[in-house]
Protein chains: 2
Amino acid sequence: MAKQPQSTVAVNARLTKGSQKVLQLLEKRNSLSTAQEIHSLLRNEDESAPGLTTVYRALESLVALGLVQSVELGDGEKRFELVTPGEHHHHLVCERCRESIHLDQCLVEDLESAIKTKYGFAVTGHILEIFGVCKRCK
Amino acid sequence: MAKQPQSTVAVNARLTKGSQKVLQLLEKRNSLSTAQEIHSLLRNEDESAPGLTTVYRALESLVALGLVQSVELGDGEKRFELVTPGEHHHHLVCERCRESIHLDQCLVEDLESAIKTKYGFAVTGHILEIFGVCKRCK
DNA sequence: GTAGAATTGAAAATCATTTTCAAAAGCGAC
DNA sequence: GTCGCTTTTGAAAATGATTTTCAATTCTAC
């Protein structure tokens with residue numbers, strides 16, 4: 001069985017079956033996945049797995065709970081992945097192998113107070129993803 | 001990012017009529033616009049203006065020429081705006097009034113060499129938009 | 001002017017996502 | 001258990017931005 005952070009276990013009890021299935025899959029995968037990928041993977045191993053609609057709804061509630069984050073890579077398809085509950089992170093996405101490296105630090109958070117000072121703008125959220133070629137594909 | 005030394009005027013001569021119309025509109029607007037907004041605005045002032053398909057094709061070629069950039073705000077709709085040819089910039093997008101402030105400096109470019117050193121990852125592109133509340137809407 | 005190439009546009013197709021709505025599952029009261 | 005009520009589910013239809021198709025129009029070179 002996959003390891004789960006304690007808070008995940010606590011929340012898990014309150015999740016619908018569909019959400020639990022989706023969460024379990026994301027725990028195993030640990031990489032960016034589209035809703036449709038999640039759906040097919042679940043259906044592959046169990047033909048009575050949640051339907052696509054339920055997967056979308058599960059993802060929506062997991063994101064709202066802060067257990068999962070939604071990532072935009074600019075291709076019109078949302079990707080999802082587990083996060084440390086309530087936190088977020090960004091990626092270096094390799095254009096060759098599509099693997100992504102998690103950044104351990106958020107560039108934007110570091111700059112929020114500078115942005116506040118310079119522009120009088122109070123940051124509440126952001127999108128940041130970096131594309132390029134990873135070490136192995138170089 | 002790659003610089004594009006061609007002058008806008010020089011390029012303009014080679015643009016299709018549709019592209020010229022779209023470019024002219026973007027010059028007037030100077031704010032983030034969706035393809036459909038551009039289309040309606042053009043049609044409002046001239047009912048024989050390019051159709052929606054042509055607007056999409058015009059935007060595609062203007063982006064390829066480096067005269068226009070496409071911006072992703074995470075709502076599944078692409079926005080377009082003029083840029084200094086071959087350059088790009090990011091925004092502080094106000095969630096209240098939807099106005100956007102151009103950032104004069106790219107946070108990611110500044111970090112490219114650090115990313116290269118730390119992760120062996122060669123950056124080729126990125127998405128970055130910052131959301132929040134602007135000074136006036138505060 | 002004419003042939004061949006490029007551009008255009010309306011309608012149809014695509015594709016991720018959302019909505020609808022009726023059936024199934026969960027659940028508390030009795 | 002079972003009755004009644006709420007929640008969850010899923011298949012199909014709807015949505016909405018974008019892309020494709022393909023025939024008609026416009027350009028361009030000769």
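First the proteins, then the strands, lettered A, B, ... as listed; each starts at 1.
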B:Glu47: salt bridge (charged side-chain N to carboxylate O under 4.0 Å, His left out) partners, not counting sequence neighbours: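 Partners of B:Glu47 by the salt bridge (charged side-chain N to carboxylate O under 4.0 Å, His left out) criterion come out as none, since no residue qualifies.
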
Nucleotide by nucleotide, nucleotides 7-19 of chain C touches protein heavy atoms under 4.0 Å in the pattern (B base, S sugar-phosphate only, - none) SBBBB----SBBB

How many Å lie between [atom1] on [X] and [atom2] on [N], as a whole number?
{"X": "B:His39", "N": "D:dT18", "atom1": "NE2", "atom2": "P", "result": "13 Å"}
{"X": "A:Glu72", "N": "D:dA17", "atom1": "CD", "atom2": "C1'", "result": "13 Å"}
{"X": "B:Glu60", "N": "D:dA17", "atom1": "CD", "atom2": "P", "result": "19 Å"}
{"X": "A:Leu59", "N": "D:dG10", "atom1": "CG", "atom2": "P", "result": "14 Å"}
{"X": "A:Gln20", "N": "C:dA25", "atom1": "CD", "atom2": "C1'", "result": "14 Å"}

Chi angles and distances behind the side chain to side chain donor-acceptor pair (under 3.5 Å) call for A:Asp110, A:Gln105: CA-CA 8 Å; A:Asp110 296 347; A:Gln105 184 181 20; 3.2 Å; yes

Flag if over 12 foreign heavy atoms under 6.0 Å of NZ, A:Lys138: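 No, not enclosed.
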
Is the CD atom of A:Glu95 crowded by more than 12 outside heavy atoms at less than 6.0 Å?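 For A:Glu95, atom CD is crowded (more than 12 foreign heavy atoms under 6.0 Å).
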
Where B:His91 and B:Ser100 come nearest, the two heavy atoms and their spacing: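 Answer, listing the atom of B:His91 first, then B:Ser100: CD2-OG, 3.6 Å.
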
Could you check whether A:His90 and B:His126 have their ring centres less than 6.0 Å apart?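 Ring centres of A:His90 and B:His126 not closer than 6.0 Å.
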
